[in-house]
Amino acid sequence: MPELPEVEVVRRGVAEHAVGRTVSGAEVLHPRAVRRHLPGPRDFTARLAGREVTAVRRRGKYLWLVLDRSEAVVTHLGMSGQLLFQPAGAPDEKHLRVRVRFTDDGPQLRFVDQRTFGGLHLAELVETGGGHVPQPIAHIAPDPMDPGFDVADLVARIRRRRTGIKRALLDQGLVSGIGNIYADEALWRARLHWAEPTAELPAERIRELLAEVTAVMRDALDAGGTSFDALYVNVNGESGYFDRSLAVYGKADGACPRCGAAVRRDPFMNRSAYSCPVCQPQPRS
DNA sequence: AATTCGGCCTGATTGC
DNA sequence: TGCAATCAGGCCGAAT
């Protein structure tokens, strides 16, 4: 569920609450939450103690807490992950996986994750074309809100692909931050069918689509993110409101806000693609 | 080399 | 009522 706008809401909250504070200790309550930290949970907690959080950055759906200049705590929320700040005395959440305490004994950073698709790990920062990023995510492409985002280059790369346009939008190595929700919403806004072959799309149509991707994400960010239930929340546990503005995502048989036709749901990559059968006609081939 | 697909997880919901 | 099947879905690594 958390895509770029939701992760950005979380990033801002973590930056506000964690920058300038020093970690006193951490506690891993579920080892799967730090499975990407290969030296293991004990190494993770040992190396975190005494470190100051100097910045909080994001690329696509990844965010990381910068420690010093060369290392960071990398986090991904997966499907159901939350980063919350809670007073030390607050009862443990049912799915609390990792707790980080600070030397000021103020609110703790808590990683709560029902499905444990997400997690935390420590990684070195490396220099790439697009800036300093943690080494394990150097293969993740810049996202549409990245200062280094190059539209012309992305259009060319998409047109070189031999696949459907939605698959391309979801490929984090091509452009990051887009998930099922915003892919479907941007395709609807651009009046493009999800299976449209990338190689046959005029460059101008792809530019229009990418403009809609950026626009729908900005709209969602302005609304505090998208949420269907209590799973996605900001660091204070509050939900966003953008779900009220979705045109087609999750609305099978609902009315298209533009033409009134019944929204269709197609099987797509073992999940779903939502679209308007009138505004987004199927490609001929 | 580029692209596709299965597996990882748990809880809410649906169906028998 | 109880249990099982289904679905949600980002990402990695294996297969094609």
Side-chain angles (χ1 to χ4, degrees), chain A residues 1-8 10-11 28-38 58-64 74-83 92-98 111-121 123 133-141 143-144 154 156-187 194-200 213 217 220 225-233 239 243 246 248-253 264-274:
Chain A
M1 229 79 85
E3 302 181 25
L4 186 153
E6 293 74 37
V7 179
E8 175 60 18
V10 173
R11 187 199 67 78
V28 175
L29 293 96
H30 195 311
R32 188 175 146 79
V34 295
R35 67 193 178 285
R36 301 213 173 285
H37 189 78
L38 301 182
R58 181 189 57 73
R59 167 171 283 195
K61 304 169 195 173
Y62 283 92
L63 76 82
W64 59 94
V74 183
T75 78
H76 195 291
L77 302 177
M79 260 294 288
S80 53
Q82 306 173 347
L83 288 172
D92 287 4
E93 291 77 6
K94 183 175 179 190
H95 300 294
L96 178 63
R97 309 306 192 192
V98 179
F111 180 68
V112 175
D113 191 4
Q114 175 195 110
R115 279 166 255 188
T116 59
F117 276 30
L120 285 65
H121 68 277
V133 299
Q135 194 279 326
I137 67 161
H139 65 288
I140 299 292
D143 64 61
L154 178 56
R157 287 155 57 99
I158 289 175
R159 298 190 77 211
R160 283 201 293 272
R161 283 293 176 95
R162 290 293 179 274
T163 186
I165 186 63
K166 183 172 173 179
R167 283 180 186 275
L169 286 181
L170 296 179
D171 185 340
Q172 306 296 301
L174 210 44
V175 53
S176 68
I178 307 170
N180 215 27
I181 299 173
Y182 297 111
D184 279 359
E185 291 297 308
L187 287 165
W194 53 267
E196 199 71 54
T198 48
E200 293 166 28
V213 167
M217 286 182 165
T226 298
S227 174
F228 303 99
D229 50 38
L231 270 190
Y232 165 69
V233 292
S239 291
D243 58 311
L246 296 175
V248 290
Y249 182 82
K251 301 194 183 286
D253 301 326
R264 80 188 145 197
R265 179 173 85 100
D266 298 313
F268 171 81
M269 293 173 80
N270 290 325
R271 41 189 71 98
S272 301
Y274 297 90

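All chains are named by letter (A, B, ...) in the order of the sequence lines, taking the proteins before the strands, and each is independently numbered beginning at 1. Values in this document were obtained by computation on a predicted structure and should not be read as measured data.
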Close side-chain approach of L63(A) and L83(A), heavy atoms under 4.5 Å: yes
Phosphate contact (dG10(C) OP1 or OP2) by H76(A) side-chain N/O below 4.0 Å: no
Protein-nucleotide distance (F268(A), atom CZ; dC7(C), atom P), rounded to Å: 16 Å
OP1 or OP2 of dC8(B) under 4.0 Å from side-chain N/O of R36(A): no
L38(A) vs H121(A) side-chain heavy atoms within contact, under 4.5 Å: no
Nearest-angstrom distance from the residue atom CZ of R157(A) to C1' of dA1(B): 14 Å
Check ion pair R32(A)-D113(A) (N to O, under 4.0 angstrom): no
Short side-chain to backbone donor-acceptor contact, R157(A) and L154(A), under 3.5 Å: no
Where L4(A) and P144(A) come nearest, the two heavy atoms and their spacing: CD1-CD, 4.2 Å
Can you tabulate the close N/O pairs, meaning under 3.5 Å, that link protein atoms to atoms of nucleotides 9-11 of chain B?
unit_1, atom_1, unit_2, atom_2, d
dC9(B), OP1, R32(A), NH1, 2.6
dC9(B), O5', R32(A), NE, 3.1
dC9(B), O5', R32(A), NH1, 3.4
dG11(B), OP1, H95(A), NE2, 3.0
dG11(B), O4', Q114(A), OE1, 3.3

What are the atom names and distances for every N/O pair under 3.5 Å that joins the protein to nucleotides 5-7 of chain B?
unit_1, atom_1, unit_2, atom_2, d
dC5(B), OP2, R167(A), NH2, 3.4
dG6(B), OP2, N270(A), ND2, 3.4

Length of the line joining K61(A):NZ and dC12(C):P, which is rounded to integer Å: 11 Å
Phosphate contact (dA2(B) OP1 or OP2) by T163(A) side-chain N/O below 4.0 Å: no
Heavy-atom pair with the smallest gap, counting every atom of G60(A) and D143(A): N-OD2, 2.8 Å
Separation of atom CG in D184(A) from atom C1' in dA8(C), rounded to whole Å: 14 Å
Nearest-angstrom distance from the residue atom CG of L63(A) to P of dG10(C): 16 Å
Donor-acceptor contact present, side-chain T198(A) to main-chain T163(A), <3.5 Å: yes
dG10(C) phosphate, OP1 or OP2, under 4.0 Å from Q172(A) side-chain N/O: no
Exercise: identify the closest heavy-atom pair between L170(A) and A183(A): CD2-CB, 4.0 Å
Student check: side-chain heavy atoms of V133(A) and W64(A) closer than 4.5 Å: yes
Sugar-phosphate, base or nothing in reach of Y62(A), heavy atoms under 4.0 Å: sugar-phosphate
Difference in axis direction between the ends of the helix from dA2(B)-dT16(C) to dC16(B)-dG2(C), five pairs, 10°: 60°
4.5 Å side-chain heavy-atom contact, Y182(A) and P5(A): yes
Closest heavy-atom pair and its distance - L187(A), K166(A): CD1-CB, 3.9 Å
d(CZ, R162(A); P, dT16(C)) in whole Å: 24 Å
Atom-pair distance (CG on L38(A); P on dC12(C)), nearest Å: 13 Å
Flag, side chain of K61(A) to backbone of I178(A), donor-acceptor distance under 3.5 Å: yes
Atom pair distance, as rounded to whole Å: CD1 in I181(A) and C1' in dC7(C): 15 Å
